[in-house]
Structures are given as structure tokens and as C-alpha cells.
Amino acid sequence: MRYHRTDRNGQAVFIRSSFQNSFGSVADTCQQGCVRWLLLCIVANSMAVASTLSTSGAEVNADSLRPHAIAQPLPLESVHWTTGFWADRFDTCRQRSIPTMWQLMRGTEYKPFLENFRIAAGMAQGDHHGAPFNDGDFYKWIEAACAALAVDPDPTLRRWVDESVATIGKAQRSDGYIHTPVLIRQRNGDADAQPFQDRRNFEMYNMGHLMTAACLHHRVTGSDDFLDIARKTADFLYATFRNPTADLARNSVCPSHYMGIIDMYRETGEGRYLELARTFLAMREMLEGGTDDNQDRVPFLQQREAVGHAVRANYLFAGVADLYLETGDRELLVPLRFMWDNVASQKMYITGGCGALYDGASPDGSRDQDQIARIHQAYGRNYQLPNTTAHNETCANIGNVLWNWRMFLATGEAKFLDILELTLCNSVLSGVSLEGKDYSYVNPLRTTDPLPVPLRWSRSRVPFVTSYCCPPNVVRTVAQANGMAYAQREGELWCNLYGANELQTTINGGRLQLTQRTDYPWDGQVTIQIERCPTAEWTMKCRIPDWAAGAKVTVNRAPVDQTVVPGTFVVLTRKWHSGDEVQLDFPTQPTLIESHPLVEETRNQLAVRRGPIVYCLESLDLPPGVVIADVGIGLGAKITPRRDRNLLGDVVVLDAELLVSDSRPWTKQLYREAKPSLDRLITAPLVPYYAWGNRGAGEMTVWLNRVK
């Protein structure tokens with residue numbers, strides 16, 4: 001059952017919207033304390049209303065769809081990758097990544113994960129070890145396992161999940177609280193161990209991932225076991241934050257709990273969970289002394305620039321987009337669109353990577369010195385996109401996917417899918433090795449030997465990273481990529497991502513089955529064949545990627561009677577029949593890309609992209625004695641695609657004509673007189689960026705010197 005408050009016209013209303021239009025003017029004229037007092041009163045009142053309505057039998061809406069979405073996601077089990085790029089990625093994830101990660105997480109060779117829950121449950125003795133967010137990492141593994149079970153109901157994997165859920169349930173406190181660092185201290189007699197004493201203890205982050213994983217577990221398995229645990233957790237959070245204070249408001253670091261509590265609302269229909277999501281956002285404005293590190297220095301509705309910790313920012317943006325999908329409060333879209341424009345046009349790497357800086361300061365250069373905070377893995381200044389020292393944490397890139405997916409659902413606009421695909425194919429997949437067992441925490445666009453400065457995180461993939469948030473995050477993302485391939489609403493089907501697959505769903509009350517045949521992204525030919533469909537007219541919308549200038553679309557070999565525009569959808573409305581075929585032809589010639597001139601690190605440099613895949617040069621493919629710093633490429637360079645089924649898991653490489661400058665070695669000079677160099681042409685292969693570093697250590701660069 002689901003409650004939606006409605007106005008006199010029957011339209012859903014976001015409770016906070018009733019005062020939001022006037023709130024800005026109040027904030028401009030009132031003292032900050034008055035604004036916070038008003039906000040607190042309204043939040044408390046809305047929570048009380050929600051509590052009454054969720055139990056009083058008031059008008060409800062049992063529809064499980066996102067009420068304010070233009071497009072609706074499909075269940076994971078409705079889409080199966082069959083062959084090719086995404087099928088290979090999913091198979092590696094299912095057959096190697098998930099089992100290998102289970103062995104790591106159930107053991108104690110690196111850090112305990114499952115063992116911490118066993119200790120918290122009294123099933124074993126010991127102290128807590130590991131990072132405070134490791135509970136959330138374990139929940140992400142369960143989510144990945146459940147996603148795999150949706151299309152491959154393997155009994156062994158199900159047994160691992162069942163064992164994990166049972167142990168978590170035993171560890172949970174009777175009031176619903178669950179966070180093993182605190183629970184273990186309490187079990188060991190520490191009277192000072194209490195919830196929410198340290199804002200950087202990641203309790204809310206962990207519980208957010210618990211709720212998201214539990215909802216997927218319920219949808220896939222039909223079991224209530226994990227959902228019952230999550231319901232107790234959600235009820236604990238509701239009781240704890242029912243009357244929020246400024247001190248409680250500080251406990252929102254890395255806000256996965258926005259998405260988690262809305263997942264719970266969707267899965268259970270409990271209106272108080274949606275009210276709690278509203279409260280989570282509203283109480284950010286109560287925080288005293290907030291900083292850009294957690295995007296709480298400026299009230300959310302006033303934010304216009306992506307700042308601070310990139311993972312936390314992208315999770316926040318995704319969570320707020322989720323809130324919009326349920327409430328329809330269009331004021332929430334205003335800052336989301338501003339910040340999306342800021343990221344897409346000024347702060348995002350060519351690979352879709354986010355969070356350029358290992359360490360930064362924000363607001364950078366502010367006159368108000370007391371507002372400046374140190375920011376780790378930060379969105380920096382506009383156009384500040386270093387390559388060798390780029391951070392681009394895998395989790396931030398995944399956050400970019402989560403955010404763009406929700407923005408697409410909210411608007412139906414193809415531009416969000418363009419960035420989603422770009423990020424998935426490059427800066428997300430670069431976070432895991434081709435064998436599926438080693439992981440990257442950071443994703444630079446250039447590596448040199450030696451590095452210009454000591455950097456904390458490894459520039460190569462490793463089986464375990466001390467900050468283990470990224471490995472299970474990339475695994476759950478790859479395991480659920482099929483869920484973003486299509487979207488739907490009554491009478492309309494969106495084709496979003498291309499890769500050989502089979503789809504089974506319903507449309508206009510009838511069964512729809514189609515097959516997609518393609519070798520995308522290595523080849524731009526895509527065929528979508530209708531296997532079965534209802535007789536009534538319905539619409540297929542096929543995304544034309546923003547890079548696909550000159551794309552052609554035919555239906556049953558006849559050209560469509562409309563202009564095919566990159567970065568939009570081609571809209572095909574007709575009475576379809578079994579055997580009908582839509583053919584898409586995307587030109588995939590290699591393209592040389594330049595950056596905005598204010599991106600100083602890549603000025604007078606070029607990168608190479610083919611389709612959605614960004615390419616790089618590895619020193620392993622250069623002649624002896626040649627370093628990547630001396631290699632350039634010209635606008636007229638000959639670049640020849642070549643399929644190499646024996647290289648990097650079967651990829652298309654680009655044999656590129658490159659110019660090598662025999663430069664003089666640098667010693668301790670910072671500057672010197674420029675002199676002519678002897679240049680020579682070579683041909684060397686460029687490889688997909690996501691696959692760099694899979695053949696051993698060496699230098700790498702995405703950007704090459706621009707030569708005539």
C-alpha cells in the first residue's frame with residue numbers, strides 16, 4: 001500500500017513544496033535560526049501526518065511504479081545478455097568476481113566482513129576490524145549476488161546469500177539498529193558505544209546499502225527474510241529522526257540512505273518511509289557549520305555547482321532524483337539540472353570520470369576563509385582536470401551512472417543515457433580487471449614512471465584495497481547493467497543500451513518479446529527483431545548516441561520517415577508484427593577529440609574515441625626507448641580499426657600513425673631553451689581505456705600531444 005497526498009485537483013504533492021516557494025524569500029530576509037526553527041516545525045508536522053496516514057486506511061495508491069517518471073525501469077530478469085561485450089562482462093562478474101569476492105569477504109585474510117557480523121551476533125569472539133563502512137561493502141556484494149540470481153538462479157550462490165542474510169539478522173539489535181563497529185563494542189562491554197556518536201562512522205551509509213540490497217533480494221527471491229531486517233532498520237531510522245536535531249543532521253556522510261529509504265518505500269508502500277526521505281533532505285538545512293565535503297554548506301535548493309567529495313555529491317544527486325520520481329516536486333530538478341550541466345560541461349573527464357583531485361579545498365579561493373574545508377577525492381574548480389594525478393574514484397563514477405539513470409527516468413532525455421553509457425564503458429569498467437578479480441580505486445588518464453608526486457592509491461589493480469568500497473560497487477553495477485538496457489511506460493519502449501540480448505516484458509496488455517543482435521560497441525550495426533508482440537499500436541524509441549553522426553535507421557529495410565538526430569531518440573510508432581526488424585547503423589569511425597582550452601592539462605593534446613569507447617596508448621606497445629611523453633598524433637593521422645580476438649579479451653584496437661619526438665632528457669631543470677627535435681613516424685596500437693593495465697605495469701595516456 002502506498003500513500004500519496006493529493007491536492008484538490010488530485011495531483012500528488014511533495015509536502016515540503018507547500019512552503020518551499022516562500023521558503024527562499026523567508027531565508028533571504030530572516031535570520032538563519034528562524035529558518036531552521038520553521039523547517040524543524042514543518043518536518044516534525046509532516047512526519048506526524050505520515051505516521052497517521054500510513055496506518056489510518058487513508059486513500060492509497062498501490063501502483064508500484066515511480067509516479068513521476070517519464071520512463072519506468074524493467075525488472076532485471078526481463079533482460080538477458082546473450083553474446084558479445086555485455087554478455088562477457090556479466091559472465092565474468094557472475095563466474096569470477098562474485099565468487100572470488102565471497103571467498104574474500106567470508107574469510108579474514110585481508111579484513112573481516114561476514115566475520116564482523118558473526119562477532120556482533122555472538123557467534124564468534126573478537127573485536128571489530130576494518131573500515132567503518134565495510135558493512136555497506138558487504139551489503140553491496142549481496143546486492144550483486146541477487147542481481148546475478150535474477151538471471152541465473154544458481155543454488156550455490158543462493159546458499160551464500162541465505163547464510164549472509166541469516167547472520168545479519170542475528171547481529172541486528174532488537175530495535176533495528178545495525179552497525180557492527182558499535183554493536184561489537186557494546187557486546188564487548190564498552191558502555192560508551194552508542195549510535196550516531198561519530199558522523200564519520202558511516203552508519204547511515206551502511207544502512208542505506210542494506211535497504212537497497214534487501215529490496216532487490218525481496219524482488220528476486222520472493223523471501224521476506226532480508227526485507228524484514230531492512231524494515232526494522234528503516235523503522236529505527238524513522239523513530240530516531242522523527243524529531244531531528246542539528247546534531248543528528250550531521251549523520252549523513254555519503255548519503256546512500258536517500259536511495260535506500262526510497263527503495264524501501266517502493267518495496268513496502270509504507271508512507272512514512274517517503275516522509276523520512278523528505279526529512280533526510282530537509283534536515284540538511286538544519287546543520288550548523290556544514291562544509292562542501294558533504295555538500296551541506298549551502299542548502300540543497302540553492303546549490304548550482306557540483307563541489308566537494310565527488311562520491312558523496314553524486315550519491316546525493318541520485319537520491320534527490322529518486323525523491324523527485326516519487327514526489328514530482330519540480331523544484332528538486334532545478335539544482336539537479338544546474339549541477340548536471342556543471343559536471344557535464346566543466347568537471348567531467350572524457351571517460352565519464354568524476355572527482356579530479358586527491359585533495360582539494362572548497363569553496364576554493366573564497367573570501368570567507370572560515371568556510372573553506374579540506375576535501376578528499378574532490379570536484380575541483382571548473383576545468384581543473386589533471387591526468388596523472390587524477391583521482392576519479394570508481395565509486396564516484398558509479399555515482400555518475402546512478403545519477404544519470406535517474407535523470408533519464410525523470411525526463412526521458414537521451415543526453416543522460418549518453419553520459420551513462422560513456423561512464424559505464426570507460427571509467428566504471430576500468431575499475432575491475434578483465435579477469436574480474438582485481439580492482440582499481442582510482443582511474444587516472446595518464447600514468448608515468450616515475451610519478452611526479454607520491455600518490456596514496458595504487459596505479460594498478462589489486463585484489464584488495466584498504467578502502468574496499470569500490471570493488472563490490474563495480475560488481476553490483478556490472479551485474480545490473482541489463483536493468484538499464486530498456487525502459488518502458490504504457491505503450492512505449494525505450495531502447496537505451498545496445499548489446500546482444502533478449503527482452504521479455506508486456507506492453508499494452510500483451511506480451512512483448514524481442515531479440516537484439518549486435519557486436520556493439522565494436523560494430524555499429526544493431527538489429528532489433530520483434531519475436532512476439534500485441535496487435536495494438538505501440539511505440540519503440542531507439543537512442544541515437546550523441547557521437548553517431550550519420551546514423552541510419554530502417555524498419556524492415558525501409559528508411560524511417562524522420563530525421564535521425566544524434567543525442568535523441570528515433571520514435572517508431574506502428575502496429576508491429578512478429579518478424580519485424582529495426583536496423584540501426586551507427587558509424588563507428590575513430591574520432592579525434594580535443595578539450596576546452598581552459599582545461600590546461602590537455603591543451604594542444606588529442607584523445608581518440610570510437611563509438612562509446614575511449615582509447616589509450618600503453619608504453620608496452622611502443623618501440624624500445626620511446627616514452628609516452630614524446631608521442632603525438634595529428635589531425636590527419638591514419639587510424640585503422642583492427643579486431644584482435646587474442647588481445648585483452650577480444651577487442652578492437654586502433655592502429656594509429658603516431659609521431660615520436662626524440663627529445664632531450666630532463667634532469668633537474670624546470671625550464672630550458674627550446675630546440676628542434678628529430679621526429680619520426682611509427683604505427684602503434686591504441687587499446688580501450690577500460691582495459692589498460694591488464695598486461696603488466698607500464699606507462700599509459702589517454703591524451704597525446706597534438707602535432708601537425
Side-chain angles (χ1 to χ4, degrees), residues 65-76 78-79 81 86 89-90 140 143-144 147 150 208-209 212-213 215-216 219 255-256 258-260 262-263 266 306 310-311 313-326 332-333 336-337 339-341 343-344 348 351-354 394-429 431 473-489 492-499 501 503 541 543 545-546 567 569 612:
L65 301 179
R66 294 150 176 80
H68 297 280
I70 298 297
Q72 303 286 346
L74 275 67
L76 293 176
S78 64
V79 183
W81 302 119
W86 282 114
R89 304 286 84 72
F90 178 84
K140 282 182 276 188
E143 185 183 345
H209 282 298
T212 292
C215 290
L216 183 60
R219 291 195 294 273
S256 68
Y258 286 53
M259 293 177 278
I262 293 175
D263 284 335
R266 290 171 179 153
V311 181
N314 290 352
Y315 274 28
L316 171 63
F317 304 155
V320 173
D322 256 342
L323 188 57
Y324 167 79
L325 291 170
E326 296 301 328
L332 298 176
L333 284 182
L336 288 176
R337 283 192 178 277
M339 288 181 286
W340 187 89
D341 287 340
V343 171
M348 188 180 73
T351 59
C354 294
T394 303
C395 283
N397 308 335
I398 291 168
N400 201 21
V401 170
L402 297 174
W403 177 22
N404 277 277
W405 174 239
R406 287 156 174 80
M407 292 297 287
F408 161 70
L409 296 178
T411 66
E413 295 176 26
K415 65 181 182 180
F416 300 114
L417 294 173
D418 287 330
I419 286 188
L420 182 151
E421 181 181 55
L422 173 73
T423 309
L424 265 182
C425 290
N426 296 286
S427 61
V428 171
L429 287 183
N473 212 5
V474 72
V475 171
R476 72 165 179 151
T477 303
V478 173
Q480 296 179 77
N482 59 320
M484 295 179 281
Y486 298 91
Q488 194 174 356
R489 72 174 175 184
E492 296 180 324
L493 177 74
W494 279 263
C495 300
N496 300 328
L497 299 179
Y498 298 108
N501 66 71
L503 167 68
K541 297 181 176 181
R543 181 175 66 95
D546 59 355
F569 289 93

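Just so it is clear, the model here is predicted, and its values are computed rather than measured. What's counted below: heavy atoms across the whole structure, side chains too, no hydrogens, waters or symmetry copies.
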Decide yes or no for [X] and [Y]: does some side-chain heavy atom of the first lie under 4.5 Å from some side-chain heavy atom of the second?
X	Y	value
Leu424	Leu429	no
Gln72	Arg66	yes
Met484	Val401	yes
Lys541	Cys495	no
Lys140	Val475	no
Asn314	Leu402	no
Leu422	Asp546	no
Trp494	Arg489	yes

Identify the heavy atoms of [X] and [Y] that sit nearest to each other, and give their distance.
X	Y	answer
Gly353	Ser427	N-OG, 3.5 Å
Ile70	Ala410	CG1-O, 3.2 Å
Phe408	Glu413	CD1-O, 3.6 Å
Arg406	Ala318	CD-O, 3.1 Å

Kindly say whether [Y] contributes a backbone atom to a donor-acceptor pair with the side chain of [X] at under 3.5 angstrom?
X	Y	value
Asp322	Ile262	no
Asn404	Leu420	no
Thr351	Asn426	no
Gln480	Leu76	no
Asn397	Cys354	yes

Who passes side chain to side chain donor-acceptor pair (under 3.5 Å) against [X], sequence neighbours left out?
X	value
Trp405	none
Asn501	Tyr486
Thr394	Asn443
Arg219	Glu267

Inset, instruction - Only counting residues at least two apart or in another chain, list the ones meeting ring-ring contact (aromatic ring centres under 6.0 Å, His included) with Phe317. - result: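 Partners of Phe317 by the ring-ring contact (aromatic ring centres under 6.0 Å, His included) criterion, ordered by chain and then number, come out as Trp403.
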Legend entry - Spatial distance of atom CG (Leu336) from atom CE (Met407) [nearest 0.5 Å]: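 It is 5.0 Å, given to the nearest 0.5 Å.
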Inset, instruction - Not counting sequence neighbours, which residues clear salt bridge (charged side-chain N to carboxylate O under 4.0 Å, His left out) with Arg476? List them please. - result: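 Partners of Arg476 by the salt bridge (charged side-chain N to carboxylate O under 4.0 Å, His left out) criterion, ordered by chain and then number, come out as Glu143.
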Legend entry - Pairing residues for Asp263 by the salt bridge (charged side-chain N to carboxylate O under 4.0 Å, His left out) criterion, not counting sequence neighbours: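 By the salt bridge (charged side-chain N to carboxylate O under 4.0 Å, His left out) rule, Asp263 matches Arg266.
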Inset, instruction - Classify the ring geometry between Tyr324 and His68 as parallel (under 30°), tilted (30 to 60°) or perpendicular (over 60°). - result: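 Because their plane-to-plane angle lies in the 30° to 60° range, the rings of Tyr324 and His68 count as tilted.
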Inset, instruction - Just jot down the side-chain contact (heavy atoms from CB on, under 4.5 Å) partners of Ala414, sequence neighbours excluded, or say none. - result: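 Only Arg543, Phe569 meet the side-chain contact (heavy atoms from CB on, under 4.5 Å) criterion with Ala414.
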